[in-house]
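The structure appears right after this line, and notes come after that.
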Amino acid sequence: MKKLYVVGIGPGAYEKMTIEAAEALKNSDVIIGYTVYVDLVKEHFAGKEFLTTPMKKEVERCKMAFEEAMKGKTVSMICSGDAGVYGMAGLMYEVGMNYPEVELSIIAGVTAATGGAAVLGAPLIHDFCLISLSDLLTPWEKIETRLLDAAHGDFVICLYNPSSKKRHDYLQKACDLMLKYKSEETVCGIVGNIGRDGESEKVMTLKELRDTQVDMFTTVFIGNSQTKNINGKMVTPRGYKNV
């Protein structure tokens, strides 16, 4: 069987990549990915063949990876964060049905939720949800339902893809929905450029978050009713007694 790795490279910094991920890339002949992600790893894996496609060319990128593997090359398809969390792992399995000679190996990485949580403090200690605000592949009506249900269930909510040029008001819309069940004083936080140059963080209330400008490189955290601001850090108690 020919081998093809699907690798989560983590938030961006080489130091935040798992040893297993780094070894897979080191042992690969070809590294394939979205242009931005390939640029993050190029300097650490000199001498490799790098192939890229832009956004919205995910299917073509997957086919490219399988075609290169069929040539007998060791190939890694890279994704930011974790390959199985809003990554390429699922699509690779779907496309891979047409390439039965190629075996997929999925390598986990640090996703933005856990990477950003470490920067903010400890917001994800109890039950939480990940919800993407991108409606490219999911209708906004379904995203609305998920936001309302998660807020009603008092989950900590982590938002991916909170804004873009075409979706500049989506975070505001999401906050308005969650305010139906969450207090304006709910502790929230944002982290920009996790694990990359220019990393930034801020803890605030849900009311303040509603009017905060973010971009696609920002991960947003909305606390539950128990989440606290402890010396500028966002902390969700687990519920241990006698603290």
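All residue numbers in this chain count up from 1 along the given sequence.
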**Study point:** Between CD on residue Gln226 and OG1 on residue Thr236, distance to nearest 0.5 Å
**Key:** 9.0 Å

**Study point:** Sidechain-backbone polar pair: Arg61 side chain, Ile32 backbone, donor-acceptor under 3.5 Å
**Key:** no

Check your understanding: If you measure from the Lys or Arg side-chain nitrogens to the Asp or Glu carboxylate oxygens, is any gap between Lys202 and Glu208 under 4.0 Å?
Key -> no

Practice item. Could you pull out all residues at least two apart from Glu201 that satisfy salt bridge (Lys or Arg N to Asp or Glu O under 4.0 Å)? Key: Lys233

**Study point:** N/O donor-acceptor pair under 3.5 Å between Asp29 side chain and Thr74 backbone
**Key:** yes

Check your understanding: Counting only N and O atoms by type, is there a donor-acceptor contact under 3.5 Å from the side chain of Arg167 to the main-chain atoms of Asn161?
Key -> yes

Practice item. Anything under 30° is parallel, anything over 60° is perpendicular, the rest tilted; go ahead and classify Tyr14 against His44. Key: parallel

Check your understanding: Do we see a donor-acceptor contact under 3.5 Å between the side chains of Tyr86 and Ser134?
Key -> no

Check your understanding: When you look at CG of Asn231, are more than 12 heavy atoms from neighbouring residues, nucleotides or ligands closer to it than 6.0 Å?
Key -> no

Exercise for review: Check whether any side-chain N or O of Lys48 sits under 3.5 Å from a backbone N or O of Lys26 as a donor-acceptor pair, and report yes or no.
Suggested key: yes

Check your understanding: Does Val75 belong to the same Ile/Leu/Val/Met/Phe/Trp/Tyr cluster as Val95, with side-chain heavy atoms less than 4.5 Å apart forming each link?
Key -> yes

Practice item. Without swapping roles, check the side chain of Asp135 against the backbone of Thr138 for a donor-acceptor pair under 3.5 Å. Key: no

Review point. Ile78 and Val38: side chain to side chain contact (heavy atoms under 4.5 Å, CB included), yes or no, with the steps?
Key: CA-CA 8 Å; Ile78 63 172; Val38 167; 4.0 Å; yes

Practice item. Please work out which of the three classes, parallel, tilted or perpendicular, describes the rings of Tyr170 and Trp140, given edges at 30° and 60°. Key: tilted

Review point. Is atom NZ of Lys73 surrounded by more than 12 heavy atoms (other residues, nucleotides or ligands) closer than 6.0 Å?
Key: yes

Exercise for review: State, to 0.1 Å, how close Ile190 and Leu120 come at their nearest heavy-atom pair, and which atoms those are.
Suggested key: O-CD2, 3.8 Å

Practice item. Please say whether more than 12 non-hydrogen atoms of neighbouring residues, nucleotides or ligands are located less than 6.0 Å from CG in Asp197. Key: no

Review point. Going by an N to O cut-off under 4.0 Å, is there a salt bridge joining Glu60 and Lys63?
Key: no

Review point. Are the side chain of Asp215 and the backbone of Thr218 linked by a donor-acceptor contact shorter than 3.5 Å?
Key: yes

Practice item. Applying side chain to side chain contact (heavy atoms under 4.5 Å, CB included), run through Leu179 and Glu184 and close with a yes or a no. Key: CA-CA 7 Å; Leu179 280 165; Glu184 289 185 341; 3.9 Å; yes

Revision key, fill the gap. When every non-hydrogen atom of Lys2 is compared with those of Met70, the smallest separation belongs to CE-O, 3.4 Å

Point to revise | Any donor-acceptor N/O pair, Glu199 side chain to Gly195 backbone, under 3.5 Å | key: yes

Exercise for review: Heavy atoms only: give me the nearest Pro11-Arg196 pair and the separation to one decimal.
Suggested key: O-NE, 2.7 Å

Check your understanding: Judged by atom type as modelled, is there a donor-acceptor pair below 3.5 Å linking the side chain of Ser183 to the main-chain atoms of Glu185?
Key -> yes

Review point. If you measure only the distance, is there a donor-acceptor pair under 3.5 Å linking the side chains of Tyr99 and Glu67?
Key: yes

Exercise for review: Carefully, step by step, assess Thr111 and Tyr160 under the rule side chain to side chain contact (heavy atoms under 4.5 Å, CB included).
Suggested key: CA-CA 10 Å; Thr111 188; Tyr160 284 18; 2.6 Å; yes

Check your understanding: Looking at CE of Met77 and CZ of Phe66, how far apart are the two atoms once the value is rounded to the nearest 0.5 Å?
Key -> 8.0 Å

Check your understanding: Applying the 4.5 Å side-chain criterion to the ILVMFWY set and letting contacts propagate, would Val214 and Met234 be lumped into a single cluster?
Key -> no

Practice item. Kindly give the heavy-atom pair with the smallest separation between Ser28 and Ala24, and that separation in Å. Key: OG-O, 2.7 Å

Study note, to complete from the structure: Minimal heavy-atom distance between Pro123 and Phe221, with the atoms involved, is CG-CD2, 4.0 Å

